Amino acid sequence: MKTKTKIVLFFASIFTLYILIFSGFIYYSISIYSYNDFYKRLELRAITTAKIELDQTHPEITTIKQFRQGYLEKLPNEKSYILKWDVSKSKVDAKLMGIPVSFLENIAKNGTDNYRNDGIFYAGVVHEKNNQKYISIVSAQNYYNTHHNAFLKNLLVTSILITIFLIIATGLWFSKMVLEPLHKITLRVKNISSENMHLRLPITEKNDELSALAKTFNDMLNRLETAFETQKNFISNASHELNTPLTFIIGEADVVLSRIRTPEEYVESINGILEEAEKLDRKTKALLFLAQTGYDGKVQKFEKVRIDQLLLDVKDTVMRIIPKSKMIIDFSLLPESPDKLKVKGNEQLLHLAFSNIIMNACKYSSNQDVRVSLGATQKEVIVIVSDKGIGIPESEMKYIYDPFFRASNTNNFDGYGIGLPLTRNVVKMHHGVLIVSSVEGKGTHVEIKLPIGNYPI
Amino acid sequence: MKKILIPTDFTVESLNVLKYVLEHHSEKKIHIVLVHGTMLPDSISELLFFRKNVFMESLMSDAFCEAKDIIANKFFSKIHRIETELYFGFNRSALQKFIEAHHITEAYIPTNYTFKKVNKKSFDFIPQIKKVLPKVTAVAMESDTTTYVQDSVASLFKY
């Protein structure tokens, strides 16, 4: 059932239950109080009746008679009975008076007792005279029970019914008011599809949960839109990148074949064609690799990799490819226990990822010092590559992971724009995190965090 | 055992003092207290629900915790315990009481370092440390040439 109905039902039932308990308690307490009050009055009358009838010679009798006349008004349907207590005749007496035997017996035993029969209240006391027990009983109709309590009961029932109605109405209005923004959001989001991804939800100034929901939705839409754009661009970028060398090859071949040339010219031409073809080959290989690592479904062989050893291997690779590079490995904060450096991963992929980042650092800082530091926290291994190179402009930071993207200040440097997306894919495959921070003109540092493999010692 | 006080502003830079202490101190096992000075909140409702540990965790950035872990793993056998504490008083006698309560015997403070406010109620109590504790060692910090926008673990590795 809908949330709105659920809310209303829930609150209405809780409130009704509470009101019922509340009114029930009040009604019950008032009834008990009025009963007790009435019994006390009957008792008082029973005592005075007994004294008047039985102690006629007592000097206080006149006082008591005056008291009774002055202060004790006659109750509706009031009847008094006095009987000599005789256990053998108790049943007959009880039947005569229309009261149960147990009532009489209790009075004789406890000195006093109450009994109620259908609106007529009885109270009885024991009076001793000349060693003979007498029982004095007064009965009357309880006006308060028949009239006031009945009125209270009716009043409470009517009020409860009205209250339930009001609660349901309020609940409906309230839940509608609360859920209205959600409804609005649902309607708007329905309109958003791949055609008009630029639509966003309106954000109010309020700082509440629904506003946070709208903001988060908008952020998600931003990311989705970027992803869509990236996909659209990737295809055009890829074909453009692959087209350029092909154009050169075709053009060069055409020109050379247009007339007869010297063997040296042919050799030169073919060398140029070979170079471009090799570039094309590297590009397609990188692209293929990127596509392969992008899929999580691909099962790669994962085993124990020691990061400190890996970094030393990467240093060799970098030295080989860029002989002038200056890569400094900082092991000053290496953990004491080497288990904290073991990561579950694929050595070739990690080697590729790290060498990409480090070679980028060397390249874009024109072979200045590149510092590679290694440390471990309780759960992760952290590798930091920092360089003092050209940096990445703030506005282009969100595009750095796009394949073939090259920042605006890279015109003096060679590159395809594939290294960073590839590295990020590899890091993601290893359930790690890649963080790039940079200040344009000052330098960049890249943090790679990989979860520790928890291999037993 | 000696207990060493190191003031911190919960940035990774300030942990370089910790690194220095662990590298150069002569003792075999060291017990360190990282202390951050901040004033208690003023309003009743904030004080009612104030929990020191929760408050401290909200001030410590991820990078700070990671950097602390890295250092702890490096000097594992030399560390007896590293604690983090908050200091609320702001005059000399308050600091005196704090030091007595925690049985602190010496302190290491950074020089040539600008204190950064991680919370608007934080304050710098380094000048008072010098007046209160007898044994205070100063650690010179290199001035930062490559300041990056965010506080990151990389600051540990510059020195």
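Just so it is clear: chains get the letters A, B, ... in the order the sequence lines come, proteins before strands, and each one is counted from 1. These numbers were taken from a predicted model, which means no experiment stands behind them.
With hydrogens and angles ignored, the 3.5 Å screen pairs no side-chain donor or acceptor of B:Arg92 with any backbone N or O of B:Ile129. A donor-acceptor distance shorter than 3.5 angstrom exists from the side chain of A:Lys363 to the backbone of A:Asp414, with no hydrogens or angles considered.
Sparse packing is recorded around CZ of A:Phe174, with 12 or fewer heavy atoms of other residues, nucleotides or ligands lying under 6.0 Å away. Residue-environment remark: OH (A:Tyr399) stays at or below the threshold of 12 foreign heavy atoms within 6.0 Å.
Between chain B and the residues A:Lys379, A:Gln378, A:Lys340, the largest count of heavy-atom pairs under 4.5 Å involves A:Gln378.
Side chains of B:Met39 and B:Lys120 form no contact here, defined as non-hydrogen atoms less than 4.5 Å apart. The side-chain heavy atoms of A:Leu210 and A:Pro181, taken from C-beta on, include a pair separated by under 4.5 Å. Between B:Leu95 and B:Phe125 there is a side-chain heavy-atom pair separated by less than 4.5 Å. Looking at heavy atoms from C-beta onward, A:Glu336 lies out of side-chain contact with B:Lys74 at the 4.5 angstrom threshold. Between A:Ile321 and A:Met359, some side-chain heavy-atom pair lies under the 4.5 Å cut-off.
Only the backbone of A:Leu334 comes within contact range of chain B, judged by heavy atoms closer than 4.5 Å. Only the side chain of A:Glu447 comes within contact range of chain B, with heavy atoms under 4.5 Å apart.
Contacts between residues 213-222 of chain A and chain B, counted as heavy-atom pairs separated by less than 4.5 Å, involve no residue at all. Scanning residues 40-66 of chain B against chain A with a 4.5 Å heavy-atom cutoff picks out B:Glu66, ordered by number.
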List the steps and the verdict of salt bridge (charged side-chain N to carboxylate O under 4.0 Å, His left out) for B:Arg81 and B:Glu83.
-> CA-CA 6 Å; B:Arg81 214 165 145 209; B:Glu83 291 175 324; 3.2 Å; yes
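Paired with A:Val383 under the rule side chain to side chain contact (heavy atoms under 4.5 Å, CB included), one option of A:Leu310, A:Leu374, A:Val314 passes, and it is A:Leu374.
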